[in-house]
Amino acid sequence: MGFDTSSHLILLAALLFLVSILATVITPRLGMPLLLVFLIVGMLAGEDGPGGIQFQNYALANLAATAALAVVLFDGGLRTRLDSFRTGLRPALTLASVGVLLTAGITAAVCHWLLRLSPAEGFLIGAIVASTDAAAVFSLLGSSALALNERVASALEIESGTNDPMAIFLTLATIAYLQSPESFGFIDALRMLAWQMLAGAACGYAGGWLLIRGLNRLRLGDSMYPLLALFGGLTIFGLTGLIGGSGFLAVYLAGIFLGNRSLRAAASIRRFHDGIAWMAQIGMFVILGLLASPRQLAEVALPGLLVSAALLLVARPAAVFISLAPFRFPWREQLYIAWVGLRGSVPIVLATYPWLAGLQNAQLFFNIAFFIVLVSLIVQGASVAPIARLLGLQVPKTAARVHRVDIDLPGQRGYEVVSYRIPEHSKLIGMRHKDLPIPDVSRIICIARGGRVLHYREWGALQAHDYVSLLTAQSQLDALDRLFEALHKPAEPLTRRYFGEFTVNADAPVEALCQSYGLPIPEHAADKTVSELLQMHLPHPVVGDRLRLGEVQLVIKAVDGDRPTLIGLRLPS
């Protein structure tokens, strides 16, 4: 390959990335998911588009997309807080196992009947499209435009990070059966599943522990720590795969392990991985888009639409409702989780496996899977926010915090520079910085007003819309959040409509509350506080949970662990 060819390839790759990045500026106004844009850019650059690039290397696409997905999962693990496991772990793991199996089975029945495939081939398509996509869900939940109920957000996030191993296992097991139906049986499949999950979990835990030890003990240049974390995560992925374990599960668990421990250079590691994960997503979707032929997709449009409808409207909802039945999820939350089962890169990556295995209907499997992903991103991806608002799951943003940056102080870890915007009706308005009841370890370092940074002699009394920046320990963030969010009265009509017109003391007796508003006293609750009443009916309450009490609703505004600490009272309309 000459220098001219190399230059052309570098220019082409750079242009594809630039077009994808610039497209993110206009797509939010059009209501299009970003990942759909990256996929379309790849398709337009492909053989049937204006770009005319001939690319049919399934092995190379599989390698690139697998590495990119490992990076995305590692970054997703870094940003997953262990606090979210309180409400989301058990339901998410059930969705990631039982839910994936049910989704694959129901979709398989539709494919067997509609596409005239054997039961095993139908199940292969079901397995390929059964898992939700981590890149799509992490992108959705990371969007500042959508603030979801914590129980729903944590369930979706953990499910998307842990259901890929199950879908990969089902795909590989079905391919092994199609290749050798006489020698590969049910016991072999169970043995493969057990080893993949056990090895993946063990390698993820051990690899994450070793990686933390290395990051905290080795003396490296500042720019080397993010690289050590990245290639350490990929090493965990590769070694786990070599012994037959689930590399995707291992790298996600390793990311969680790193993201929830005190870590040297944590600030630069998180910033670097945020950027590298976006690069991986763009590259992955563009490459997979290059593989697709719009002409061939048009040939499977009708059966693809029917299978997509069965997956979106029957298979996924049935799997969600059955999986979440033991966990007492409100029906609105179950309905939303059923709808936001976005398909993305994972089904397309898995659809390359039949090509690599040389199966007879590999092209059909790939085209159907690709078509389902397009339908999912277009229909589901564009409607996640409107459906959340319709079902009352989009929690109003009351946070005053607008920005946070981890910093590494010499000899110290766990410090941040955090900034707050003083809202209307804040209790802090009129107070001088010296009088603010901030924790002893926190220091105000900057106040900005009217678009300019004030000299410390000009700070004076705080005003509405001031920006206050502090140096603080991460352990003090919750206390600072409560301080800067304290209001004299609700400022936003949306907040009042959602949480109610009044605030009830969590320790107020239920009997006194009911007598004040002429409400019936719930059974076995006469001697309870309002907080205890909510805990009786909501085992793991989150912000936004509601409990009807006669003609009014109690709406949780803040929680501490499993104890509601601030409750809103919504009167009848």
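Predicted model, so just to flag it, every value in this text is computed and none were measured.
- For the pair Arg81 (side chain) and Gly259 (backbone), a donor-acceptor distance under 3.5 Å is present.
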Step by step, would you call Ile387 with Tyr336 a side chain to side chain contact (heavy atoms under 4.5 Å, CB included)? CA-CA 7 Å; Ile387 296 295; Tyr336 188 74; 3.6 Å; yes
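- Annotation: Tyr58 is in aromatic contact with Phe366 [ring centroid separation under 6.0 Å].
- The environment of CZ in Phe321 is crowded: more than 12 heavy-atom neighbours from other residues, nucleotides or ligands sit within 6.0 Å.
- Ile212 meets the side-chain contact (heavy atoms from CB on, under 4.5 Å) test with Asn216, Phe257, Leu258, Arg261, Leu263; sequence neighbours excluded.
- Checked by atom type and distance alone, the side chain of Arg343 never pairs as donor or acceptor with a backbone atom of Thr132 at under 3.5 Å.
- A salt bridge is absent between Glu159 and Arg90: the closest approach of a Lys/Arg side-chain nitrogen to an acidic carboxylate oxygen does not fall below 4.0 angstrom.
- Closest approach of Leu428 to Leu462, counting heavy atoms only: O-CB, 3.7 Å.
- Ring planes of Tyr420 and Phe484: parallel class, angle under 30° (limits at 30 and 60°).
- The closest side-chain donor-acceptor pair between Tyr177 and Asp188, if any, does not fall under 3.5 angstrom.
- Using a cutoff of 4.0 Å between basic side-chain nitrogens and carboxylate oxygens, Arg270 and Asp274 are not scored as salt-bridged.
- Between the Thr352 side chain and the Val349 main chain, a donor and an acceptor come within less than 3.5 Å of each other.
- Without hydrogens or angle criteria, Asn260 side chain to Leu78 main chain gives no donor-acceptor distance under 3.5 Å.
- Within 6.0 Å of CH2 in Trp195 there are 12 or fewer heavy atoms belonging to other residues, nucleotides or ligands.
- Side-chain contact check for Gln380 and Ser376: at least one donor-acceptor pair (N or O, by modelled atom type) lies under 3.5 Å.
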